[in-house]
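One structure below.
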2 protein chains.
Amino acid sequence: MPDPLWRQIAEDLRRRIESGEIGDDGQPLPTEMELREHYRASRNTVRDAIKWLVTRGMVYTQPGRGTFVTQRVDPFITRLAADSGSSVEAENSNFASEVTSQTRKPVVSVRRVEIQRAHGLPAAELVLPDDAGVVSRHQEHLIDGVPYSLQTTFYPMALVERGAARLIRAEEITEGAITYLEHVLGINQAGLRDRITVRTPRAEETAFFRLPDDGRVAVFEITRTGFDEDGQPFCVTVTTYPADRNQFVMTSGNVPDVPSGRGTSPAPG
Amino acid sequence: MPDPLWRQIAEDLRRRIESGEIGDDGQPLPTEMELREHYRASRNTVRDAIKWLVTRGMVYTQPGRGTFVTQRVDPFITRLAADSGSSVEAENSNFASEVTSQTRKPVVSVRRVEIQRAHGLPAAELVLPDDAGVVSRHQEHLIDGVPYSLQTTFYPMALVERGAARLIRAEEITEGAITYLEHVLGINQAGLRDRITVRTPRAEETAFFRLPDDGRVAVFEITRTGFDEDGQPFCVTVTTYPADRNQFVMTSGNVPDVPSGRGTSPAPG
DNA sequence: AACGATTTGTTCGTATGTATC
DNA sequence: TGATACATACGAACAAATCGT
């Protein structure tokens, strides 16, 4: 039993694209009408085939222009390591990641602070009862004007009550929230745990990262939990990155510098 | 300008699914014909809406049966840490990851050994000229019969010529390849670097992991490069995991044990 | 085991809207 | 402004999988 026609066409298009026969060098693919004649199929069937390629991130379409092959792009490389310094996330040195591309300038953008009842992930990571208060501090990160990551950090409201008042103000904590907490409350971040997952983007993420709204581009979700010297969690940072242009690097032991990035295949919207 | 009709229907279905109004408790969604009447739209338009939900992994369809809400599964949790012991990847203790679920039994399956010319990623990571020989050792990992990961390790052919003959035999290196290399050649793994990326699965991966063939489920690709005491890379291991049921955890410093697995994410806003 | 009803999958056709050049 | 090209939406027919009788 052969594959459905639209799938056969998709595979043939993939082959022809990869061999450079079509769509090379920024040239658009043949139009749907041309493909319709070439494969002796209806326009809808041809569109099903193209849709399959779009889902794979292999091509993208533009109304009125045509269908184009997606170009490779240099991924952002983020170091995940306990010892690494912080740059983008200057305030929350909590999330001690680092953009290794030298020429790019990280910018921390608008900030939103909310007080909520603990629920879901933050409550679970912070081991709080479901109705305990938590402060959430939200920020957007851009590099050279390009959306880079979205980040929300949760702190137990108890920390504010114990004196860390600046946590609930929508101002940057320039010295870093962790440093601030250490100065004010004597809390020392003795350990941290990172969780790395992947999921489809939410509406806000799709908008901020300017991702295609069909959910074909996933986002990394990195959850960093900070622990004090008693092994108690005192903050959780959730950061999301578009999976099509990000890569995470982690080293241990003696490793030479400069990990050269590998291109993945991304997509304009 | 309002959203297209199919999108409005999709959003409404999402809302009704999340509120538990429809599709709850394993019950199928209304049939396409019922939805067609409910929304006063054509069947194709309803199908476009459902397709959007399918792409998001929110529902799945079964021919002849109906459309169902996907239920969340407990993710596999893999530790990525320098100090963690190895279990699944017993041979390549190189890739020192560990399945934390206690009850599940890891099994290393068939193995394939090939000798190739260096190219692409392995050549880049090993810093080899493009025509140098490399040995690739491929394995499949299953847990309780469930496909878990696909793994390929590359070694420079030079290592074999220097005496590591067992690298080119399709037999398990029970004591671990890294231990073997240390014994035979005195190579000591002094450091390692992990790269974490996400991409759409290849055909083999789609088949092995039994993923839907529309590429909506991505795979993690974790590339671990081992370095000797001179900072020279001597092996590269590429491992892929389905992104929909895997999660990676990395700890540093003093962190209490047993990170409880979690599926979804928070709601900042 | 066979059949019919139900439900999703595939493929065609057509018309109209909208973005681009 | 008109031509081109993709997007949306409709309708229709048949195929294939599933399930109950």
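Below, read A as the first sequence line, B as the second, and so on, with proteins coming before strands; counting in each chain starts at 1. Just so you know, these numbers come straight off a predicted model, no measurement behind them.
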Whole angstrom value for the distance that separates C1' of D:dA17 from CZ of B:F68: 12 Å
Phosphate-side-chain proximity, A:T31 and D:dT4, N/O vs OP1/OP2 below 4.0 Å: no
Step-by-step side chain to side chain donor-acceptor pair (under 3.5 Å) determination, B:T240 to B:E221: CA-CA 5 Å; B:T240 57; B:E221 179 179 281; over 6 Å; no
Plane angle bin for B:F248 and B:Y241 - parallel if under 30°, tilted between 30 and 60°, otherwise perpendicular: perpendicular
Nearest listed nucleotide, side chain of A:W6, among C:dG13, C:dT10, D:dA9: C:dT10
Per A:S42 side chain, nearest of listed nucleotides D:dA5, C:dT11, C:dT8: C:dT11
Short side-chain N/O contact to C:dG9 OP1/OP2 from B:R47, under 4.0 Å: yes
Euclidean distance, atom CZ of residue B:R40 to atom P of D:dT8 [Å, nearest integer]: 24 Å
Nucleotide nearest B:R43 when distance is taken to its side chain, options C:dC12, C:dT8, D:dT8: C:dT8
Within-4.5 Å side-chain heavy-atom neighbours: B:I196 and A:I196: yes
Interface residues of residues 51-65 of chain B with DNA chain D (non-hydrogen, below 4.0 angstrom): B:P63, B:G64, B:R65
Modelled atom types, side-chain donor and acceptor of B:T197 and A:Q247, under 3.5 Å: no
Between C:dT8 (C1') and A:D48 (CG): distance, integer Å: 14 Å
Separation of atom CD1 in B:I9 from atom P in D:dC10, rounded to whole Å: 7 Å
Between C1' of D:dG11 and CE of B:M33, the distance in whole Å: 12 Å
Spacing of B:L5 atom CG relative to C:dT18 atom P, expressed in whole Å: 14 Å
B:T78 versus B:Y148, side-chain donor and acceptor atoms under 3.5 Å: yes
Rounded distance (Å) that lies between atom P of C:dA5 and atom CD of B:E32: 20 Å
Comparing B:E34 and B:N44 on DNA chain C - which has the more 5′ nearest nucleotide: B:E34
Spacing of CD1 belonging to B:I50 relative to OG1 belonging to B:T55, to within rounding of 0.5 Å: 11.5 Å
Side-chain N or O of B:T67 closer than 4.0 Å to phosphate OP1/OP2 of C:dT7: no
Sugar-phosphate, base or nothing in reach of B:R36, heavy atoms under 4.0 Å: sugar-phosphate
Worked verdict on A:E11 versus A:R14 for salt bridge (Lys or Arg N to Asp or Glu O under 4.0 Å): CA-CA 5 Å; A:E11 291 289 358; A:R14 184 178 61 78; 2.9 Å; yes
